[in-house]
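Remarks on the structure that follows.
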Amino acid sequence: MAPEGIGELRDLLFFLLLCLTLLAELLEMTAASSQGLDGEGDIVCPSVCRCDEDFIYCNDRGLSAIPPLPPSATVLYLQNNHIDNAGLPRSLEHHTTVRVIYLYDNELDDFPMHLPPSLRELHLQDNNIRVLPRAALARLPLLEKLHLDDNSVSTVSIEDQAFADNPRLRLLFLSRNHLSSIPSGLPASLEELRLDDNRISTIPTHAFRGLSSLRRLVLDGNLLANQRIADDTFSRLSNLTELSLVRNSLQTPPLNLPSAHLQRLSLQDNNLIHMPRGSLDGMRRLQRLDLSGNNLTTLPRGLFRDLESLGQLLVRGNPWHCGCNLRWLHDWLEAKGNTITVRGFICQTPERVRDMALRDLTNQMDECELAAAAGGTGGVGTGVGIGGNRVSGGAPGAISTTLSPPQGSLFTLRSKRPGLGLPETGLDYTLSSSGVGKNLALNVKPLSHDSIRVTWSVAQTSSSFRLSWLRLGTSSAMGSITETLVRGDRREYLLTSLQPASSYIICMVPLVSNSGSRSTLPGGDAESNEVPVCARTETSDPSHTDSGGEDESSDPMTSLPLAGIIGGATAIVSLALIIAIFCWYGHRAGHFTSRDHYSHNSSRKSKHYDDYIESGTKKDNTILEIRSPGFQMTPMATRQPLQPKPVREDYIIHTIFPSNGTGLYKPPQNMTNSGYGTNRGYREGGIPDIDYSYT
């Protein structure tokens, strides 16, 4: 081939290579341009995150700002980072497909402003948000669930009508904030509200106005007390299904609880001391009742009469008194059988049934029926009870010596007939602990914050007495007029389970007997001519109870544990002191050592040399020292037997062992014998530690 043809072929190949290079670059530019044009429609996951379709996982990455997100994202996981308000880009509000954002445990100080308007659920727990502005919440018209737990929101920092533009809000969590009252302006669509572990102490009447859709309300761990809750506060919540008031300071359940739809009622860990009759009326749908961790000792008859659907009853941690007062509850539980789960009905008193379950007291409860039948005209509550003690009568004016008078809460009857002559609430009774009538002298004395002892004396014997008492108040929920019949030979009675810090009117009247020696109530066929003798007293406040002011004779058994503890502590301290003195004296006198004691003459027979004298480190003129390492010579007592040679004076050579193992005097430098210079040398040389020498 000619050289000209080879050159043309080479130029052609070079031209083709150049064209191919240009074409490749053109294709690359076209691809990049097409990617830039339609890149907004593709899902590009941030390099620091992980994406699973529309779920973007950027949590626990140490982020301080939200990275660019694909526009198709629906759920953003951004929790456990260091994102603050400056790290929320304004472009976030343009992501109209986002439905849920998790931003809890970050460093937000203000409520986020530029959130997507399509947001349905927002988690902002564990931040430092202080203010809830209406403008920020108004940008979220579709918001349904808002979690603001563990922030710094206070009542005054919630703007007026802050939730007015959130008509779909169904769930609001404000637990563990700084709220002092119920937030106002809550949306009517709210179904669940959590305000636990705040500082709420007062709930006014209008607190839940308009919240007819509320189904779950949690107010645990606040400062609620009965006196600071309006009577009809909860009655407005007609559709409430769950109410939790755990860890507050309630002494009784709040009044007028919603009963139509309530299914779960939690009152544990309060200070409940009384469950008024009727406080649970109408709760036919109640399924779970928790009364654990309170101070309940008994429950009034008929308290559970409407609880047809109750399946779980929790009453742990209460000092239950399983007397005849709970016989109705025992029968009610027996009738329920396995349809109800009961936890914690363990008796604390009487001692006979301590640590026994109420359901297991069938035989003991039968004794109540026998006692009531054996009482005859003595009325209910007398005779043999569960405690095993029979109430003994005595002469008029005598005080019973039984261990425990019958409980005032046992077998009491609610008054329904006006002719019974019960105490009148309209009368102005003076604060007197005694009352005197024509044939009866009555005396009352408070024993504790929930019990009163009633004693009386009569001029002539009666077959029985009618005892009635009333807690002063205008509302029937504050207490009820109750009465009981007391046997004629009784002269004392104990009322228990009363309201603390309350005034009571206590009246008694002797009852007449018909020909059949059967007592009748006044107002019946045979009406008593006696005028009731009344006295008024007050129960003490448990928070100001002074145990030192109680009468020692009121309950001698209560002082025994304290006296035992004090006596035991005193005995232990005294014994320790005696042992210490004995050890100190013995150490000083040298009784616990095995050293020998010597005396120089008759005037020093009782003088004991201490450790310093025996070791030769204390100067004593009676010691004769030999200037030789490791020896000390002491004259023997004259009482010891002498040797055959009367002219000789006996000495004991006593080896001294200094603490450092060397002799008392250094030997001359030329002495190299190991047998001299140290006490060890003498022992190794065969010389005994103690020997006799004659001079």
So, for [X] and [Y], which heavy atoms are closest and what is the spacing to 0.1 Å?
X: L174; Y: P183; result: CD1-CG, 4.2 Å
X: R359; Y: V342; result: NH2-CG2, 4.3 Å
X: L132; Y: A162; result: O-CB, 3.8 Å
X: S451; Y: S448; result: OG-OG, 2.7 Å
X: L240; Y: R216; result: CD1-N, 3.8 Å
X: W469; Y: L467; result: CZ3-O, 3.8 Å

Kindly list each side-chain donor-acceptor pair under 3.5 angstrom involving residues 220-228, sequence neighbours excluded, with atom names and distances?
from: D220; atom 1: OD1; to: S244; atom 2: OG; distance (Å): 2.6
from: D220; atom 1: OD1; to: V246; atom 2: N; distance (Å): 3.0
from: D220; atom 1: OD2; to: S244; atom 2: OG; distance (Å): 3.1
from: N222; atom 1: OD1; to: N198; atom 2: N; distance (Å): 3.3
from: N222; atom 1: OD1; to: R199; atom 2: N; distance (Å): 3.4
from: N222; atom 1: OD1; to: I200; atom 2: N; distance (Å): 3.0
from: N222; atom 1: ND2; to: L195; atom 2: O; distance (Å): 3.2
from: N222; atom 1: ND2; to: L219; atom 2: O; distance (Å): 3.1
from: N222; atom 1: ND2; to: D220; atom 2: O; distance (Å): 3.2
from: N226; atom 1: OD1; to: Q251; atom 2: N; distance (Å): 2.7
from: N226; atom 1: OD1; to: T252; atom 2: N; distance (Å): 3.4
from: N226; atom 1: ND2; to: T252; atom 2: O; distance (Å): 2.7
from: N226; atom 1: ND2; to: T252; atom 2: OG1; distance (Å): 3.1

Q: Apply side-chain contact (heavy atoms from CB on, under 4.5 Å) to T155 and list each qualifying residue two or more places apart in sequence or on a separate chain.
A: L179, S180, S181
Q: With sequence neighbours left out, write down each residue that passes side-chain contact (heavy atoms from CB on, under 4.5 Å) with N295, or none if nothing qualifies.
A: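 N295 satisfies side-chain contact (heavy atoms from CB on, under 4.5 Å) with N271, I273 only.
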Does the [X] side chain pair with the main chain of [Y], one donor and one acceptor, at a distance under 3.5 Å?
X: N256; Y: D231; result: yes
X: T539; Y: A501; result: yes
X: D306; Y: G282; result: yes
X: D331; Y: W328; result: no
X: R284; Y: D281; result: no
X: N270; Y: L272; result: no
X: N166; Y: L140; result: yes
X: S279; Y: R277; result: no
X: W456; Y: V444; result: no
X: R236; Y: T205; result: yes

Q: Could you tell me whether the side chains of S189 and R170 share a donor-acceptor contact shorter than 3.5 Å?
A: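 Result is no, nothing qualifies.
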**Q.** Pair T298, W320: side-chain N/O donor-acceptor within cut-off below 3.5 Å
**A.**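 There is no such pair (donor and acceptor under 3.5 Å, judged by atom type) between the side chains of T298 and W320.
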**Q.** Over 12 foreign heavy atoms within 6.0 Å of NZ, K145
**A.** no
Q: Return yes when atom CZ of R215 has more than 12 non-hydrogen atoms of other residues, nucleotides or ligands closer than 6.0 Å, and no otherwise.
A: no
To the nearest 0.5 angstrom, please state how far the [atom1] atom of [X] sits from the [atom2] atom of [Y].
X: C347; Y: R354; atom1: SG; atom2: CZ; answer: 10.0 Å
X: L243; Y: L237; atom1: CG; atom2: CG; answer: 8.0 Å
X: R471; Y: Q499; atom1: CZ; atom2: CD; answer: 4.5 Å
X: L211; Y: S213; atom1: CG; atom2: OG; answer: 8.5 Å
X: M275; Y: N294; atom1: CE; atom2: CG; answer: 9.0 Å
X: F465; Y: T484; atom1: CZ; atom2: OG1; answer: 13.5 Å

Q: Take L193 and L171 through the side-chain contact (heavy atoms from CB on, under 4.5 Å) test and state the conclusion after the steps.
A: CA-CA 6 Å; L193 178 62; L171 182 146; over 6 Å; no
Q) Is the shortest side-chain N to carboxylate O distance from E121 to R99 below 4.0 Å? A)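 Judged by the 4.0 Å cut-off on N to carboxylate O distance, E121 and R99 do not form a salt bridge.
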Q. Would you call R247 and D197 a salt bridge, taking side-chain N to carboxylate O under 4.0 Å as the test?
A.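 A salt bridge links R247 with D197.
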4.5 Å side-chain heavy-atom contact, [X] and [Y]:
X: S502; Y: E538; answer: no
X: L329; Y: L303; answer: no
X: L250; Y: L245; answer: yes
X: R176; Y: D196; answer: yes
X: V509; Y: V533; answer: no
X: L257; Y: M283; answer: yes
X: N318; Y: F345; answer: no
X: F163; Y: L172; answer: yes

(Q) Please determine whether side chain to side chain donor-acceptor pair (under 3.5 Å) holds for the pair T241 and Q263, giving the CA-CA distance in whole Å, both sets of side-chain angles, and the decisive distance to 0.1 Å. (A) CA-CA 5 Å; T241 60; Q263 298 177 4; 5.3 Å; no
Q: Would you please test R453 and E492 for salt bridge (Lys or Arg N to Asp or Glu O under 4.0 Å) and show each step?
A: CA-CA 7 Å; R453 181 183 293 273; E492 67 172 350; 2.8 Å; yes
**Q.** Residue pair L280, L307: steps toward the side-chain contact (heavy atoms from CB on, under 4.5 Å) verdict
**A.** CA-CA 8 Å; L280 303 179; L307 306 186; 4.1 Å; yes
(Q) A cation-pi test, strictly: NZ or CZ of R194 under 6.0 Å from the centre of the six-membered ring of F173 and no more than 45 degrees from its axis. Yes or no? (A) yes
Q: Give the C-alpha distance, both sets of side-chain angles, the deciding distance and a yes or no for side-chain contact (heavy atoms from CB on, under 4.5 Å) between V315 and L313.
A: CA-CA 7 Å; V315 292; L313 178 61; 4.1 Å; yes
Q) Do the rings of H123 and Y104 sit parallel, tilted or perpendicular, given the 30° and 60° boundaries? A)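 Ring orientation of H123 relative to Y104: perpendicular.
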Q | S497 and T297: CA distance, side-chain angles, deciding distance, side-chain contact (heavy atoms from CB on, under 4.5 Å) verdict | A | CA-CA 7 Å; S497 301; T297 58; 3.5 Å; yes
